[in-house]
Amino acid sequence: MSDMIMVKQKLVDLLKQAAVKAQESGKLPSLSLPDVVVEHPQKPEHGDYASSLPLKLARSTGLSPLAIASSIAEFIAPTPEIAHVAAAPPGFINFTLKSDWLTQQVSYILSAADSYGNIDMGQGSRVQIEFVSVNPTGPLHVGHGRGAILGSALANVLTAAGFSVEKEYYINDAGSQIDAFGRSLYARYQQSLGTPAEMPSEGYFGNYMVELAKELIAEEGDRFLALPEPEATSQLKQIGLKKIMSQIKSDLELLGVSFDNWFSERSLYDNGGFKKAMSPLHQGGYLVEKESATWFVSTALGEDKDNVVVRSDGSPTYFAADIAYHYNKFVERKFDQVINIWGADHQGHVSRMKAVVGALGINPERLKIIISQMVTLRRGGEPVRISKRSGELIILREVVEEVGADACRFFFLARSADSQMDFDLELAKRESADNPVYYVQYAYARIASILRLARQRQIDYHDGDVAKLSSEPELTLIRKMLLLPEVVESIAHMLEPHHLAYYAQELATVFHSFYKQCRVISEEDEVMTKARLKLVVAARLVLAKTLHLMGMTVPERM
RNA sequence: GCGCCUAUAGCUCAGCGGACAGAGCAUCGGUCUUCGGAACCGAGGGUCGUGGGUUCGAAUCCCUCUAGGCGCGCCA
């Protein structure tokens, strides 16, 4: 529960009520109201909130927008938050918040503490967010890092928005690519032991496979050479998978990304989940036999082609597994909402996945798929090929170790998922001092430093009077702090965590500006010192919350 | 050929139906006796890729075209 975010909602309600009263009084014709939208005006002189409702009503009523604005404004009931309401040309209604209400919010933030910014939008409904889910056939690369950061930040925000969130990694431990991985590993194993062996054409040629083979030799010796090939391949595959997975796990940990659940694709076949999921599709007539394979007739649902579910050799496709997996998410585990974060190369699967979810009798609206566009990696302006199969791949770990997890997180979060981005390692290192990460974290370190001084001087400010905060830099800072719940709400609604990075930067700017203009600890003015210390503590809370939502650290010093 | 994403200030990007289009970096010019200058203040810089349309109102919605990226397997 948050008073702040309620202000916006409260204004919407006030506007609706005022419009109805205006209608009852005859000043407005009785028509059904459009959606009432309240937003933040760009210009401060237009107040804290504004609505263009009168402009929207102008056409249907035939009245001038400004006249409508005046009529409605007249009926806005007084509230403790609002200083004044104004009708402004061409037809806006502007609201300005009361200064004393604003300053009072500092106390509110202090009492809310870590929970400030949390809202009850989700009301505990269950959301599963599945991300990364990279095939365990090689290390993570930078693009995977983008999805990882996106997913974990989004999970943080959704949690703050009152959803019950579960983060999941889907392990593709079945299928032909995993078999190719096993055969590749076997070949490298043999080669390392001096036995000539040929890599499969669909194999994994990265150097990490050679290293993996050597590691296995060091740990297990040459005992697999004695086994028949299928047995050796199968055993090596299992051991290799485990090793790669633990590598992936530790790479993610380095980035500060964790999961609640690691879901094995193979388990869908082992426990009958696959068969269960197919049955509603059979019953719905969505599966047909064609060319001795089983197809999902997505064309019947408006797709441009059908998709094979079971191959002519009887083995299920990746798509089939995905169907079973989503059946498991929605039907077995009963998530209210499922969010998948996929790379741009999976974009073509979005519509058929939604189609199949619909065919399973689940409202496709409950499945949200976020596509994160490609990251192209550069070094000194030169593009670096990112391919699991090239020997020269730049792995995520390397990047994180070079620029740091915080910088990675901020950088990846600072742009929307659907824009592709270039990431130049040289640039990131060379310009690290200008990195916005430091700007934002510096604001936090400054706050920490002020509070250290206060502690050192043993200033007791618990009785500080926030009502003394009245200057423009102070109120500007408070206004910005009050936006956090709205940012959380907006991100939870749009599933666009990049707004966090912008908000963090704005908050830091406003704080730096306040700091420059308002001396906090002053020997002459004890009253002001105490009031401002309260403000600073509140600012620390808000900044820390923002950075934590981004998954970043808060440095006491830097 | 079809589908998805992108095109906004010199650069990197926000804004996605409302009031003169914003930020960071870069450029130029200012601010330092006290809490951390990794700071602050200010200036210049944009016919929002093109051409249509819808609307009282479009960077924002629809269509055309152009350019770039990614997909379109009985791979995953």
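By convention in this document, chain letters (A, B, ...) are assigned in the order of the sequence lines, proteins followed by strands, and residues within each chain are numbered from 1.
- Note on A:Ser419: a side-chain N or O is less than 4.0 Å away from OP1 or OP2 of B:A14.
- Using a 4.0 Å heavy-atom cutoff across all strands shown, A:Ala50 reaches at least one base atom of the nucleic acid.
- Within the 4.0 Å cut-off from OP1 or OP2 of B:A76, at least one side-chain nitrogen or oxygen of A:Ser176 is found.
- With a cut-off of 3.5 Å on both pairing distances, B:G36 has no Watson-Crick or G-U wobble partner at all.
- B:A7 is paired with B:U66 under the criterion used here, namely a Watson-Crick or G-U wobble arrangement in which both key atom distances are under 3.5 Å.
- Of the two residues contacting RNA chain B, namely A:Val308 and A:Pro41, the nearest-nucleotide position lying further toward the 5' end is that of A:Pro41.
- Counting non-hydrogen atoms under 4.0 angstrom, A:Ala293 reaches a base of the nucleic acid.
- Nucleic acid contact for A:Glu45: base, since at least one base atom lies under 4.0 Å from a heavy atom of the residue.
- Aromatic pair A:His46/A:Phe92: centroids not less than 6.0 angstrom apart.
- B:A7 and B:G49 have their C1' atoms separated by 6 Å, with the value rounded to a whole Å.
- Remark: P of B:G15 and CD of A:Gln505 are 14 Å apart, rounded to the nearest angstrom.
- Going from the P atom of B:A59 to that of B:G17 covers 13 Å, rounded to whole Å.
- A cation-pi arrangement, defined by a distance under 6.0 Å to the six-membered ring centre and an angle within 45 degrees of its axis, is present between A:Arg415 and A:Phe411.
- Judged by the 6.0 Å and 45° rule, A:Arg352 forms no cation-pi pair with A:Phe296.
- Residue contacts for A:Ser416: at a heavy-atom cut-off of 4.0 Å it reaches the sugar-phosphate backbone alone, with no base atom in range.
- Here A:Ser312 lies in heavy-atom contact (under 4.0 Å) with a base.
- Looking at heavy-atom distances under 4.0 Å, A:Ser52 makes contact with a base.
- Along RNA chain B, the nucleotide closest to A:Asp313 and the one closest to A:Phe92 are compared, and the more 5′ of them pairs with A:Phe92.
- The separation of B:G45 from B:A21, taken at their C1' atoms, amounts to 13 Å, rounded to a whole angstrom.
- For the P atom pair drawn from B:A26 and B:C11, the interatomic distance equals 15 Å after rounding to whole Å.
- Nucleotides B:C32 and B:G37 place their C1' atoms 8 Å apart, quoted to the nearest Å.
- Closest to the A:Tyr318 side chain, of the nucleotides B:A76, B:C74, B:G18, is B:A76.
- With a cut-off of 3.5 Å on both pairing distances, the Watson-Crick or G-U wobble partner of B:C72 is B:G1.
- Checked by distance alone, A:Asn94 brings a side-chain donor or acceptor within 3.5 Å of a matching partner on the base of B:A19.
- Within the 4.0 angstrom heavy-atom criterion, no nucleotide atom of any strand lies near A:Pro65.
- The nearest whole Å value for the distance from the CD1 atom in A:Ile68 to the P atom in B:C56 is 14 Å.
- The pairing partner recorded for B:G42 is B:C28, the criterion being a Watson-Crick or G-U wobble arrangement whose two distances lie under 3.5 angstrom.
- B:A59 is unpaired under the criterion used here, namely a Watson-Crick or G-U wobble arrangement in which both key atom distances are under 3.5 Å.
- Between the side chain of A:His512 and the base of B:A38, no donor-acceptor pair of N or O atoms lies under 3.5 Å.
- Nearest to the side chain of A:Arg415, among B:U6, B:U12, B:C20, sits B:U12.
- Residue A:Glu39 is in sugar-phosphate contact alone, with no base atom involved, counting any heavy-atom pair closer than 4.0 Å across all strands shown.
- Rounding to the nearest 0.5 angstrom, the gap separating the CG atom in A:Leu451 from the CZ atom in A:Arg446 is 13.5 Å.
- Comparing the C1' positions of B:C48 and B:C20 gives a spacing of 15 Å, expressed to the nearest Å.
- Taking a pair to require two hydrogen-bonding distances under 3.5 Å in either a Watson-Crick or a G-U wobble arrangement, B:G22 pairs with B:C13.
- In this structure, of B:C75, B:G22, B:C70, it is B:C75 that holds the atom nearest to the side chain of A:Gln177.
- Across B:G15, B:C40, B:G18, the shortest atom-to-atom separation from the side chain of A:His499 is found for B:G15.
- Rounded to whole angstrom, the span from the OH atom of A:Tyr503 across to the C1' atom of B:A23 amounts to 16 Å.
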Q) Do A:Leu185 and A:Leu212 pass the side chain to side chain contact (heavy atoms under 4.5 Å, CB included) test, and can you show the C-alpha distance, the side-chain angles, and the key distance before you say yes or no? A) CA-CA 8 Å; A:Leu185 187 56; A:Leu212 187 57; 3.9 Å; yes
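- At B:G57, none of the side-chain N or O atoms of A:Lys56 fall inside 4.0 Å of OP1 or OP2 (strictly under the cut-off).
- Among the nucleotides B:G71, B:C13, B:G18, the one closest to any side-chain atom of A:Met421 is B:C13.
- Only the P atoms considered, B:G10 is 27 Å distant from B:C5, to the nearest whole Å.
- In this structure, CD of A:Gln347 is placed 11 Å from C1' of B:G69, rounded to the nearest angstrom.
- The structure places CG of A:Leu252 at 7.0 Å from CG of A:Leu396, a figure rounded to the nearest 0.5 Å.
- Rounded to whole angstrom, the span from the CZ atom of A:Arg59 across to the P atom of B:U55 amounts to 7 Å.
- Between B:C41 and A:Ser513, a contact under 4.0 Å exists linking OP1 or OP2 to a side-chain N or O.
- Here the P atom of nucleotide B:G15 and the NZ atom of A:Lys43 are 19 Å apart, to the nearest Å.
- Comparing B:G1 with B:A19, their C1' atoms sit 45 Å apart, to the nearest whole Å.
- For the pair A:Leu55 CG and B:A19 P, the interatomic distance rounds to 10 Å; values are reported in whole Å.
- The aromatic rings of A:Phe423 and A:Phe412 sit tilted relative to each other, their planes meeting at an angle between 30° and 60°.
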Q: Summarise protein proximity over nucleotides 31-36 of chain B in one line of letters, 5' to 3': B for base, S for sugar-phosphate only, - for none, counting protein heavy atoms closer than 4.0 Å.
A: B--BBB
Q: Could you walk me through whether A:Thr509 and A:Tyr439 pass side-chain hydrogen bond (donor to acceptor under 3.5 Å, both in side chains), step by step?
A: CA-CA 8 Å; A:Thr509 297; A:Tyr439 179 81; 3.0 Å; yes
Q) Taking it one step at a time, do A:Ser419 and A:Gln373 satisfy side-chain hydrogen bond (donor to acceptor under 3.5 Å, both in side chains)? A) CA-CA 6 Å; A:Ser419 300; A:Gln373 293 296 324; over 6 Å; no
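- Aromatic ring pairs are classed by plane angle as parallel below 30°, tilted from 30° to 60° and perpendicular above 60°; the pair A:Tyr170 and A:Tyr325 is parallel.
- Ring geometry for A:Tyr502 versus A:His498: interplanar angle over 60°, hence perpendicular rather than tilted (30 to 60°).
- Stacking between A:His498 and B:A14 is absent: the ring centroid is not both under 5.5 Å from the six-membered base ring centre and under 30° in plane angle.
- Side-chain contact annotation: A:His346 with A:Asn340, donor-acceptor N/O pair under 3.5 Å absent.
- Rounded to an integer number of Å, the gap from A:Arg352 CZ to B:C4 P is 16 Å.
- Closest to the side chain of A:Gln42, out of B:C2, B:G22, B:C4, is B:G22.
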